[in-house]
Amino acid sequence: MIFKKQLAEALEQSLARVKEQGIMGQANLPEVAIEKPARPGHGDYASSLPLKLARLTGLKPMDVANAIVKNIAPMKDIEKISVAAPGFINFTLSKDWLTSEVDVICKAGESYGNIKLDDRAVQIEFVSGNPTGPLHVGHGRGAVLGSTLAHVLRAAGYKVSTEYYINDAGSQLEAFHRSLFARYQQALGKEAEVPANGYKGNYVLALAKEIIGAHGDKYLQMPQEEGIIEIGKLGIQMEMDQIKQDLKTLGVNFDEWFSEQSLFRSGQFDQTMQRLRDGGFIAERENATWFISSTLGDDRDNVLIRSDGTPTYFASDIAYHYNKFVDRKFDNVIDIWGADHQGHVLRMKVVMNALGINPDKLEIMICQLVTLRRGKELVKISKRSGDIITLRELLDEVGPDACRFVFLSRSADSQMDFDLELAIKQSADNPVYYVQYAHARISSILRNAEEKGIDFSQGDVSLLTSEPELTLVRSMARISEVIETVAMSRQPHHLPFYAQDLATVFHSFYKQCRVVSDDDSKSKARLKLVQAARLVLAKTLHLMGMAAPDKM
RNA sequence: GUCCCUGUAGCUCAGUGGAUAGAGCGGCUGCCUUCUAAGCAGCGGGUCGUCGGUUCGAAUCCGACCAGGGAUGCCA
């Protein structure tokens with residue numbers, strides 16, 4: 001159920017009748033927007049159409065509003081249509097519709113609120129952290145954002161595929177191999193140094209020790225170059241396993257793990273480069289191969305093949321996106337990147353054009369960086385410098401649910417200050433528990449009813465007439481609009497705000513209304529109501545990738 | 001220098017053309033004989049970065065400026 005469209009149509013029809021009566025000139029119809037009033041007294045929906053029309057016609061807004069309302073056809077589920085100064089039309093949902101929605105929710109279960117916004121195939125690629133080290137908190141933010149968006153887009157009807165791009169090719173790998181080998185030598189008491197451009201973090205040493213524990217000095221027994229490659233492969237594998245484990249702990253699953261190397265093995269990389277060459281977008285100069293993006297709106301050209309013959313990250317990303325759109329035929333691709341990848345956005349858009357792919361189909365969400373603090377102390381998150389706070393540590397300290405909720409509560413394009421000290425200290429008062437507690441409370445009520453052997457399947461929802469009861473239904477009914485908003489704007493942060501609102505409304509209801517009481521028929525009606533609330537709460541939590549606990 | 005993001009309550013943040021600008025945390029008052037007090041009810045708290053413009057109406061749109069962060073690699 002989405003009333004907005006119906007209400008907009010009703011307003012348009014009414015307006016047409018008003019015009020026929022000659023009350024108003026031939027003013028062109030502004031877009032009829034249906035809004036949610038801020039205050040409960042103003043009903044469930046509102047339109048400022050009269051205010052907009054007043055400007056075009058020169059009539060008084062209140063006169064326009066009254067004329068429109070007088071000509072509006074009665075609607076079954078709308079109880080009241082009223083005019084309010086300075087020129088709003090307010091709609092109030094009927095109590096019958098609200099209460100009957102309780103039965104609808106109970107019947108629909110967790111599919112309640114799903115909509116058919118779009119059924120296209122969309123891929124969401126996120127995290128895609130290099131397998132040269134553990135994921136850090138910034139990856140965690142992207143992971144939570146991406147997985148939540150995937151849940152919501154599915155609920156909105158899209159065919160969603162989630163993907164992790166494994167950068168298992170390229171120059172960073174080489175640097176990691178050599179760093180690991182050097183640490184391995186050191187741990188075995190040999191003189192060795194981590195390369196200048198290498199990974200100096202302690203985790204590399206820890207990894208080397210772990211390898212020694214399992215394989216001893218095996219990699220020193222082979223020719224050095226072979227040893228570097230072999231231990232490198234193993235190290236990457238172990239890091240990748242750790243990454244998958246961390247993501248699993250965070251509640252993040254991927255449909256596909258896509259290997260960068262596979263682009264080279266399959267010949268797709270060469271094909272894509274050839275296509276750019278055929279299009280005349282390539283130049284050879286200074287011993288390197290360039291993509292001539294400056295002629296396509298970028299402010300400079302970009303290197304595809306370095307003078308040493310190795311491809312750049314940009315080049316394989318082009319092939320990767322060619323694969324997404326042309327081979328796998330996704331209608332839409334959403335990439336979620338950290339703000340440090342911002343310089344990559346424009347050239348990817350430009351290259352889509354060069355490949356004959358509509359750049360609008362590639363949506364790039366940049367999520368701003370996470371600054372970590374412990375109290376006043378800033379924590380650096382650079383992978384190569386050494387000291388990092390990993391996603392794993394964050395999960396150990398804060399827990400996956402609180403972690404997800406905090407990440408989700410900020411819009412992607414605002415930087416966030418994550419104070420570990422505060423997150424841990426406040427964990428008991430965290431809004432995440434407030435929401436989950438509402439779910440646990442309902443579960444407790446339902447257990448109570450079960451112990452008393454109450455069968456409320458025939459409960460009469462029309463008995464739900466008090467304000468706390470109806471307010472709860474109103475909030476539940478809003479979930480489809482929340483799903484629509486998140487799906488269209490691609491901004492999952494609306495979800496935790498909705499979850500909190502729903503929980504607040506429930507807790508308030510709980511305080512005011514005894515569910516299981518001496519009044520049999522009222523008990524049954526209210527049991528239906530709280531069961532519906534539990535379903536919507538659980539759905540909201542699950543969309544956010546969080547647990548809906550029965551006990552706390 | 002150029003480009004992107006941000007600036008709203010003591011703190012962390014929602015709200016991006018409409019009605020009296022909201023939430024959480026922190027502070028202060030009350031509330032557990034009844035299904036979970038991880039809760040409820042209330043109080044206090046604001047030059048919406050600054051200045052100008054557009055509009056019947058601006059935190060929201062436009063311009064300039066100030067402040068913080070990021071990008072500007074033959075790194076990814």
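Every chain is numbered from 1 and lettered A, B, ... according to where its sequence line falls, protein lines coming before strand lines.
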*Indicate, with a heavy-atom threshold strictly under 4.0 Å, whether A/D518 touches base, sugar-phosphate, or nothing.*
nothing

*Would you mind listing every salt bridge (charged side-chain N to carboxylate O under 4.0 Å, His left out) that reaches into residues 498-519 of chain A, with sequence neighbours excluded?*
A/R478-A/D501

_RNA chain B base-pair string [pairs: Watson-Crick or G-U under 3.5 Å; |: paired with another strand]_ = (((((((..((((....[...)))).(((((.......))))).....(((((..]....))))))))))))....

*Which part of the nucleic acid, if any, lies within contact of A/Y510, taking any heavy atom under 4.0 Å across all strands shown: a base, the sugar-phosphate backbone alone, or nothing?*
base

*asked:* Less than 4.0 angstrom between a side-chain N/O of A/Y165 and OP1 or OP2 of B/rA76, yes or no?
replied: no

*Is there a donor on the side chain of A/T312 or the base of B/rC74 sitting less than 3.5 Å from an acceptor on the other?*
no

Protein-nucleic acid N or O pairs under 3.5 Å, nucleotides 54-60 of chain B:
residue : atom : partner : partner atom : Å
B/rC56  : N4   : A/R55   : NH2          : 2.5
B/rG57  : O6   : A/R55   : NH2          : 3.0

*Minimum-distance nucleotide to A/S48 side chain [options: B/rC75, B/rA37, B/rG18]*: B/rG18

*With A/K36 as the cation and A/Y45 as the aromatic partner, state whether NZ or CZ is under 6.0 Å from the six-membered ring centre and within 45° of the axis.*
yes

*Identify whether any heavy atom of A/S171 sits under 4.0 Å from a base atom; if not, whether one sits that close to sugar-phosphate; answer base, sugar-phosphate or nothing.*
sugar-phosphate

*Hey, can you tell me if A/F126 and A/F254 have their rings parallel, tilted or perpendicular (30° and 60° cut-offs)?*
tilted

_Derivation and outcome, salt bridge (charged side-chain N to carboxylate O under 4.0 Å, His left out), residues A/E125 and A/K324_ = CA-CA 10 Å; A/E125 182 220 320; A/K324 294 184 188 196; 2.7 Å; yes

*asked:* By nearest atom, which of the nucleotides B/rC5, B/rG18, B/rA23 is closest to the A/F88 side chain?
replied: B/rG18

*For RNA chain B, find the residues of residues 334-347 of chain A with a heavy-atom distance under 4.0 Å and give them by number; none if there aren't any.*
A/A339, A/D340, A/H341, A/Q342, A/G343, A/R347

*Rounded to whole angstrom units, what separation is found between the CD atom of A/Q491 and the P atom of B/rC5?*
12 Å

*Please list all pairs passing the salt bridge (charged side-chain N to carboxylate O under 4.0 Å, His left out) test where one or both residues lie in residues 171-180 of chain A, with sequence neighbours left out.*
A/E174-A/R178, A/R178-A/E225

*Answer with base, sugar-phosphate or nothing: what part of the nucleic acid does A/A438 contact at a heavy-atom distance below 4.0 Å?*
nothing

*What distance, rounded to whole Å, do you find between the two C1' atoms, one in B/rG18 and one in B/rC35?*
43 Å

*Check: B/rA14 base within 3.5 Å donor-acceptor of A/D501 side chain*: no

*Below 3.5 Å, does any donor atom in the side chain of A/Q415 face an acceptor in the base of B/rG68, or the other way round?*
yes

*Checking side-chain contact (heavy atoms from CB on, under 4.5 Å) against A/I479, which of A/T540, A/L502, A/L495 comes through?*
A/T540

*A/Y437 ring over B/rG39 six-membered base ring, under 5.5 Å and 30°*: no

*What does A/S409 touch in the nucleic acid at a heavy-atom separation under 4.0 angstrom: a base, only the sugar-phosphate, or nothing?*
sugar-phosphate

_Under 4.0 Å, heavy atoms only, any strand: does A/D550 hit a base, just the sugar-phosphate, or nothing?_
base

*Could you state the atom-to-atom distance from CE of A/M552 to P of B/rC35 in whole Å?*
18 Å

*asked:* Mind checking if A/C513 touches a base, just sugar-phosphate, or nothing, with heavy atoms under 4.0 Å?
replied: base

_Regarding A/A440, tell me which of base, sugar-phosphate or nothing describes its non-hydrogen contacts under 4.0 Å with the strands shown._
base

*Is there a side-chain polar atom (N or O) of A/Y433 under 4.0 Å from OP1 or OP2 of B/rA38?*
no

*Please check the phosphate of B/rC35 (OP1 and OP2 only) for any side-chain N or O of A/S517 closer than 4.0 Å.*
no

*Can you tell me if the side-chain N/O atoms of A/S414 get under 4.0 Å from OP1 or OP2 in B/rG69?*
no

*Roughly how far, to the nearest 0.5 Å, is the OG atom of A/S316 from the CD atom of A/E260?*
3.5 Å

*Contact class for A/P37 vs. all strands (heavy atom < 4.0 Å): base, sugar-phosphate, or nothing?*
base

*Assess A/R347 against A/F314: is NZ or CZ under 6.0 Å from the centre of the six-membered ring, and within 45 degrees of the ring's axis?*
yes

Pairs: protein N or O with nucleotides 40-43 of chain B N or O, under 3.5 Å:
residue : atom : partner : partner atom : Å
B/rC40  : OP1  : A/Y434  : OH           : 2.5
B/rA41  : OP1  : A/S508  : OG           : 3.2

